Number of protein chains: 2
Amino acid sequence: MNAGIGENPNREPCPDCLKLGKQLCFPLYACSREIVKKYKPYLDKLGLTYTQYITMMVMWERRQMSVKELGECLLLDSGTLTPLLKKLEQKGFVTRKRAHTDERILIVTLTEKGKQLAAKAVSIPDQMRSSLPLTEEEIRLLHSLLYKMLSKTVRGEAPKRQSP
Amino acid sequence: MNAGIGENPNREPCPDCLKLGKQLCFPLYACSREIVKKYKPYLDKLGLTYTQYITMMVMWERRQMSVKELGECLLLDSGTLTPLLKKLEQKGFVTRKRAHTDERILIVTLTEKGKQLAAKAVSIPDQMRSSLPLTEEEIRLLHSLLYKMLSKTVRGEAPKRQSP
DNA sequence: AACAATTTTATTGCATCCAATTAAATTAAT
DNA sequence: ATTAATTTAATTGGATGCAATAAAATTGTT
């Protein structure tokens, strides 16, 4: 009853939909930063930043990747990856070499030192996970919702000049 | 049967726990960036970046805030907010003045122009929401899980020198 | 009052991120 | 074979984020 009237005299209220607390984007953005911050003390011991860490994660799993493939895995472009990979190379964790068959392609390869770093990192995921105020079930649920969010409309949906 | 043997000859496999796909942090980090990217075309029309947008959201709601309070709302510190607020001031959306009673405190105030910007922003949240590959129910669930994640252990848990 | 501790912003430096542009190599078309 | 289009990295410029430090004002203590 009295739909909205009375609530809102004349002082240009903030529409409900524009309130920070109503947004999905904000907790996503804030959580992401808080989690990265939470990783820092652990990653400092490895000499990695968070972005370098997830890059190494891909390298531990795949050993060799082009910059393009890395970008597809991490959803990052060369503007981010090029300087980051140069730093990982400086630290001796990867090498960067052009492919013989196609000089455009830069192949990133895990070094022995990079491989050994995995051993030092192996305890991190559990420590992080157990420090979250979420149950295992909630973590699984969150994981799947986030991947669902990443899967379709969010990305892609590029220009698409023609019909499907 | 054959628990794990055969899967893994001798070539230092990547432990499962270190795989990118097993992490919660990565989809969180990636989603956050993808969502911000998705906002860009809308926010470009308003002349705002994403961080400026959520700052304006707080200002639309509260009208006046100190930098410290803004930082608490947005989980950002002065290193980020100071230059950002100077830009919002340059664009004429807010003013920045010291409090008379305490010169340390900088009061950020929404201007008329800033207030009017809300009208242009009001359609954005719905457009963003409807472009997500999630149901309303899933969005609510995600929202609550993210806030739960933000609530406790994730932040805070500072040094805590004494007993509770 | 004088000094110490605290609070609040601002500054600095480093590492992303991303859009836009460039450059080099390769492939496709004529 | 040339030229045109495409692909892949690198570069550039603008805006964060954040840790660490500094600076100014205020508050608390003696």
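Below, each value reflects all heavy atoms present in this structure, side chains not excepted, and no hydrogens, waters or symmetry copies. Here the structure is a predicted model, which means the values were calculated and not measured. Just so it is clear: chains get the letters A, B, ... in the order the sequence lines come, proteins before strands, and each one is counted from 1.
Sequence order on DNA chain C of the closest nucleotides to A:Leu84 and A:His100 puts A:Leu84 first from the 5' end.
The CD-C1' distance, from A:Glu34 to D:dC18, rounds to 11 Å in whole Å. In this structure, CD1 of A:Ile35 is placed 16 Å from C1' of D:dG17, rounded to the nearest angstrom. One can place OH of A:Tyr39 at 16 Å from P of C:dT16, the figure rounded to the nearest angstrom. In this structure, A:Glu89 atom CD and C:dA15 atom P are separated by 16 Å, rounded to whole Å. Spacing between atom CG of B:Leu43 and atom C1' of D:dT16 amounts to 14 Å, rounded to whole angstrom units. Whole-Å rounding puts the B:Leu74 CG to D:dT16 P distance at 12 Å. Per the geometry, CG belonging to A:Leu75 stands 17 Å off P belonging to C:dT16, to the nearest Å. Taking atom NZ of residue A:Lys40 and atom P of nucleotide C:dT16, one finds them 12 Å apart after rounding to whole Å.
For B:Glu89 and B:Lys86, the salt-bridge test fails: no basic side-chain N is under 4.0 Å from an acidic carboxylate O. Remark: B:Asp16 engages B:Lys19 in a salt bridge, criterion side-chain N to carboxylate O under 4.0 Å. Ion pair A:Lys38/A:Glu34 not flagged as a salt bridge, since none of the NZ, NE, NH1 or NH2 atoms sits closer than 4.0 Å to an Asp/Glu carboxylate oxygen.
Distances shown here put a side-chain N or O of A:Lys37 below 4.0 Å from the OP1 or OP2 atom of D:dC18.
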- Message: Can you build the contact string for nucleotides 2-11 of chain D? Use B for base contact, S for sugar-phosphate-only contact, and - for no protein heavy atom under 4.0 Å.
- Response: -----BSSBB
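Taken residue by residue, residues 44-59 of chain A places heavy atoms nearer than 4.0 Å to DNA chain C at A:Thr49, A:Thr51, A:Gln52.
Counting non-hydrogen atoms of neighbouring residues, nucleotides and ligands closer than 6.0 angstrom, the CZ atom of A:Arg62 reaches no more than 12 such neighbours.
If you check D:dC18, D:dA25, D:dA15 against the side chain of B:Lys87, the one that comes closest is D:dA15.
B:Thr101 comes within 4.0 angstrom of sugar-phosphate atoms only, judged by non-hydrogen atoms across all strands, and of no base.
Hydrophobic clustering (ILVMFWY, side-chain heavy atoms < 4.5 Å, transitive): A:Leu76 and A:Ile107 are in distinct clusters.
Here A:Tyr29 and B:Tyr50 bring their ring centres to under 6.0 angstrom of each other.
Classification of the B:Tyr39-B:Tyr53 ring pair by plane angle, with boundaries at 30° and 60°, yields tilted.
For A:Gln90, the side chain to side chain contact (heavy atoms under 4.5 Å, CB included) criterion is met by A:Lys87, not counting sequence neighbours.
Using modelled atom types, one side-chain atom of A:Arg33 and one backbone atom of B:Leu75 make a donor-acceptor pair closer than 3.5 Å.
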